[in-house]
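By convention in this document, chain letters (A, B, ...) are assigned in the order of the sequence lines, proteins followed by strands, and residues within each chain are numbered from 1.
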Number of protein chains: 2
Amino acid sequence: MDERELLLLGLLSFQSQHGYQINEFIERNLARVTSMKKATAYAILDRLARDGYASVHTEQAGNRPPRKVYALTPRGEERFRELLRQSLVDPGESAIPGDVGLMFLDQLPRDEVIEGLRMRLARVDEQIAELEQVPPHGHGIGVDLAVEHKLVLLRADRDWLRGVITRLDAGSD
Amino acid sequence: MDERELLLLGLLSFQSQHGYQINEFIERNLARVTSMKKATAYAILDRLARDGYASVHTEQAGNRPPRKVYALTPRGEERFRELLRQSLVDPGESAIPGDVGLMFLDQLPRDEVIEGLRMRLARVDEQIAELEQVPPHGHGIGVDLAVEHKLVLLRADRDWLRGVITRLDAGSD
DNA sequence: TTTTCCATGTAACTCGTTACATGATTTC
DNA sequence: GAAATCATGTAACGAGTTACATGGAAAA
């Protein structure tokens with residue numbers, strides 16, 4: 001159920017890592033996937049170790065601060081697969097925000113609505129353009145599927161937005 | 001930025017209401033739009049009054065518990081329009097959950113993945129069927145647009161899921 | 001020499017949910 | 001007579017974020 005835990009387990013399933021390393025990776029490469037903050041990641045890693053899903057051993061490189069390296073235990077791998085299965089079946093309610101706003105759309109002058117939706121459309125277009133430039137990932141199809149999924153939904157949103165704007169434009173005679 | 005506040009302001013923009021009334025309405029008709037809990041709604045209504053966005057006066061019908069009836073003030077109406085404009089332009093990051101799971105999809109045996117996605121597809125199909133039976137709302141196009149929007153995204157999700165399953169099926173020879 | 005990097009954490013805070021309290025009144 | 005309805009709230013809890021502390025090393 002918990003996407004954050006799943007993410008950390010997944011990252012550890014590739015290789016053992018220490019918290020700082022994981023946080024760097026998330027910040028650099030996964031900013032659009034998760035918004036988990038560093039303190040949270042440290043806390044969850046701690047919890048994973050307490051629950052027996054990960055083992056910890058401390059490493060020291062030269063005179064640097066000691067690192068706590070986490071490695072998945074067999075139980076942790078099982079936990080990972082369990083959460084993964086769950087997340088495939090039930091990704092959780094995809095809270096589509098903004099629909100509350102749509103509901104009250106009639107309370108606003110039509111041109112303000114159109115202007116607002118145009119700005120929204122522009123942002124969606126940007127996101128699409130950005131995602132389209134993400135190169136294929138290579139290692140398995142999972143990551144590529146995730147990107148593709150986001151793209152598909154964004155394009156559907158874009159097309160719908162265009163349609164709505166057109167209709168509103170036509171109706172404002 | 002706050003969808004809950006926008007929702008309450010919007011409901012009050014139709015007519016003055018007391019908290020219990022609003023909560024009932026939300027529970028009965030807006031369960032799929034918001035998951036806001038009663039205590040939260042009471043608290044936000046309180047805040048709206050404190051901030052001058054709503055006026056409060058207490059009514060008593062017979063021997064029943066007194067009602068605190070909230071009505072939008074002019075400032076409240078302005079606030080409502082302001083939040084509404086914002087929400088049209090920037091509905092907020094549509095957290096698409098489950099994409100974390102997709103990323104790690106290669107770590108699971110292909111038939112488990114396919115089975116999981118089939119179950120997911122079935123649930124999406126159900127949601128679509130359910131939404132397709134919602135009758136047109138009549139009062140303005142806003143509510144209908146919100147439903148339509150959700151439908152469009154669900155259908156895009158469904159089509160994508162079908163495609164992925166087909167591809168995985170083909171690849172598992 | 002000041003800033004940034006490394007690496008981990010803690011303490012305070014925010015926001016929302018859960019569960020409960022209240023007390024009359026209507027319904028089963 | 002027991003249970004649900006009406007109507008509002010409070011207190012405790014949980015999860016996550018923010019901001020900060022630490023202290024040596026490398027980079028500017």
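Of the candidate nucleotides dT18(C), dT8(D), dG9(D), dG9(D) has the atom nearest to the side chain of Asp46(B). Listed candidates were dT8(D), dG9(C), dT18(D). Nearest to the side chain of Lys37(A) is dT18(D). Distance from the side chain of Tyr42(B) is smallest for dG9(D) among the nucleotides dC6(C), dG9(D), dT17(C). The side chain of Arg64(B) sits closest to dC6(D) out of dC6(D), dT18(D), dT8(D).
For the pair Tyr20(A) and dT8(C), the criterion of a side-chain N or O lying under 4.0 Å from OP1 or OP2 is not met. Using a 4.0 Å cut-off, some side-chain N or O of Thr40(A) falls inside it from OP1 or OP2 of dT17(D). Contact check, Arg4(A) against dG16(D): a side-chain N or O comes under 4.0 Å of OP1 or OP2. Taking side-chain N and O atoms only, Arg47(B) has no distance below 4.0 Å to OP1 or OP2 of dC15(C). The side chain of Asn63(B) contributes no N or O atom lying less than 4.0 Å from OP1 or OP2 of dA24(C).
Lys68(B) comes within 4.0 angstrom of the backbone, heavy atoms only, and of no base. Contacts of Thr58(A) with the nucleic acid, taken as non-hydrogen atoms under 4.0 Å apart, are absent.
Annotation: of the two residues near DNA chain D, Lys38(A) and Glu24(B), the 5′-most nearest-nucleotide partner is Glu24(B). Residues Pro65(B) and Asn23(A) each lie close to DNA chain C; by heavy-atom proximity, the contact nearer the 5' end of the strand is made by Asn23(A).
Rounded to an integer number of Å, the gap from CZ of Arg67(B) to P of dG23(C) is 20 Å.
Other residues, nucleotides and ligands contribute more than 12 heavy atoms inside 6.0 Å of the CZ atom of Arg47(A). The number of heavy atoms from other shown groups lying within 6.0 Å of CD (Gln127(A)) is above 12.
Under the 30°/60° scheme for interplanar angles, the aromatic rings of Phe104(A) and Phe80(B) are found to stand perpendicular.
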Taking it one step at a time, do Lys150(B) and Val147(B) satisfy side-chain contact (heavy atoms from CB on, under 4.5 Å)?
CA-CA 5 Å; Lys150(B) 215 164 186 175; Val147(B) 173; 5.9 Å; no
